[in-house]
Asker: 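I am attaching a structure below and will ask some questions about it afterwards.
Because the structure is a prediction, the values reported are computed rather than measured. Numbers restart at 1 for each chain; the letters A, B, ... are given by sequence-line order, proteins then strands.
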Amino acid sequence: MPELPEVESLRRDLEATLVGRRFASIDVRLPKQVVTPTGLSVADLAGKRIERLWRRAKFLIFDLSDGLALVFHLRLAGQLVHRSADGQTMAEGGHPVPAFGAPLPHRSTHVTFHFDDGSVLYLTDIRQFGRVWILPESGVQPLLDQAKLGPEPLDPEFTLEAFRERIVRRQKMPLKPALLDQKLVGGIGNIYADEIIFESRLTPATRVGDLDEAALARLHAAIQTVLSFAVREGVAEILNGKASATRDFPRVHGRKDQPCPTCGTSIVKIQFAGRGTYYCPSCQPIQQPAGV
DNA sequence: AACTACTCCTGGAGGC
DNA sequence: TGCCTCCAGGAGTAGT
């Protein structure tokens, strides 16, 4: 579910409301969502202060006092909502089900963090795939290393050269699964993969080896422009597989049978590499060799 | 090395 | 209304 722009927006919002807070108590209703590889437990969080929130790909990391850390991965359906003691929402993000603003805890709220000021952070996850790790701070980097994440697409080191060096090793791979591979670039998911490929005027089936130099440069630029636009202007709103009717972003994902914003041709939805995939058959003619 | 299929889960939508 | 099937903003693992 939440991809890089959603996690980054959530990080920024939570940073403003959570840094400086201390944990009071934590309720765990679904133990499998809390991973404690070094034997720490939620009880060890009590009294710890949140020092810093940072992000790597789709991982959201809380650095805590006394050398502890919390790491969240929301996977397909995780949602975090921070509410004040009087129930006002201060920050929220992630999967839009249950609807933001709904009463919490929801029946799918599996972990609840209570803070020293009476505010509460709810982890709600209707599909139970999300995870939160409790680690010593020294355990965070090894956890991230395990995922073998590619570069951060919005960081300066994500240059065209760095991108080329990684992507050329996947000559036969079509673009859609290539962009979804976190080892190529960290943070892209199903929605933004479609948006990036559309922006590049390539196709989901285009094979990496068929990209000429101009196409590769377009793809690299599109990764940055699409993701930074989403972080800046507001994340994609997809509800039950459909894009928001009141916004023009995302442009193709979730817009089956709606007109392409560029040429008006109806957007097509196919299954590709096992994922629902949207594209414009006119702007992105799937038989035509890539590039040019 | 590079794929694909399957797995972990629940719930909402749409067909009948 | 009820029952059924399909699908979903991810990613690890096993098998080919």
Asker: Looking at A/Gln271, I want to see if its CD is surrounded by more than 12 non-hydrogen atoms of other residues, nucleotides or ligands under 6.0 Å.
Answerer: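 Count over threshold, so yes.
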Asker: With centres under 5.5 Å and planes under 30°, do A/Phe129 and B/dC9 count as stacked?
Answerer: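 Here the ring of A/Phe129 and the base of B/dC9 are not stacked, as the 5.5 Å and 30° limits are not both satisfied.
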Asker: Please state whether the base of C/dA8 and the side chain of A/Arg127 form at least one donor-acceptor pair under 3.5 Å?
Answerer: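 In this structure, the two groups form a donor-acceptor pair.
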Asker: State, yes or no, whether a side-chain contact exists between A/Asn190 and A/Leu180 at a heavy-atom distance under 4.5 Å.
Answerer: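 The answer is yes; the side chains approach within 4.5 Å.
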Asker: Start at the 5' end of DNA chain B and walk down; is the nucleotide closest to A/Gln128 or to A/Gln171 reached first?
Answerer: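 Whichever sits nearer the 5' end wins; that is A/Gln171.
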Asker: Restricting to nitrogen or oxygen on both sides, can you table the protein-nucleotides 3-6 of chain C pairs closer than 3.5 Å?
Answerer:
none

Asker: Using a cut-off of 4.0 Å on non-hydrogen atoms, how would the nucleic acid contact of A/Ile126 be classed: base, sugar-phosphate, or nothing?
Answerer: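 A/Ile126: backbone/sugar contact only, no base atoms under 4.0 Å.
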Asker: Please state whether the phosphate of B/dA5, meaning OP1 or OP2, lies under 4.0 angstrom from any side-chain nitrogen or oxygen of A/Gln271.
Answerer: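 No, no such contact exists.
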Asker: Under 4.0 Å between a side-chain N/O of A/His73 and OP1 or OP2 of C/dG10, yes or no?
Answerer: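 False: A/His73 side-chain N/O out of range (4.0 Å or more) of C/dG10 OP1/OP2.
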Asker: Report which part of the nucleic acid A/Lys269 touches: base, sugar-phosphate, or nothing (heavy-atom distance under 4.0 Å, all strands).
Answerer: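 The answer is sugar-phosphate, as A/Lys269 gets under 4.0 Å only of primed atoms, P, OP1 or OP2.
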Asker: Please give, in whole Å, the distance from C/dT13 C1' to A/Arg75 CZ?
Answerer: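 It works out to 12 Å between those atoms.
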Asker: Closest approach to the side chain of A/Gln182, judged atom by atom: which nucleotide of C/dA11, C/dG9, B/dC3 is it?
Answerer: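 Of all the options, the side chain of A/Gln182 is nearest to C/dA11.
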Asker: Need to verify one output field. Residue with the more 5' nearest nucleotide on DNA chain B, A/Lys172 or A/Lys242?
Answerer: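 The residue closer to the strand's 5' end, by nearest nucleotide, is A/Lys172.
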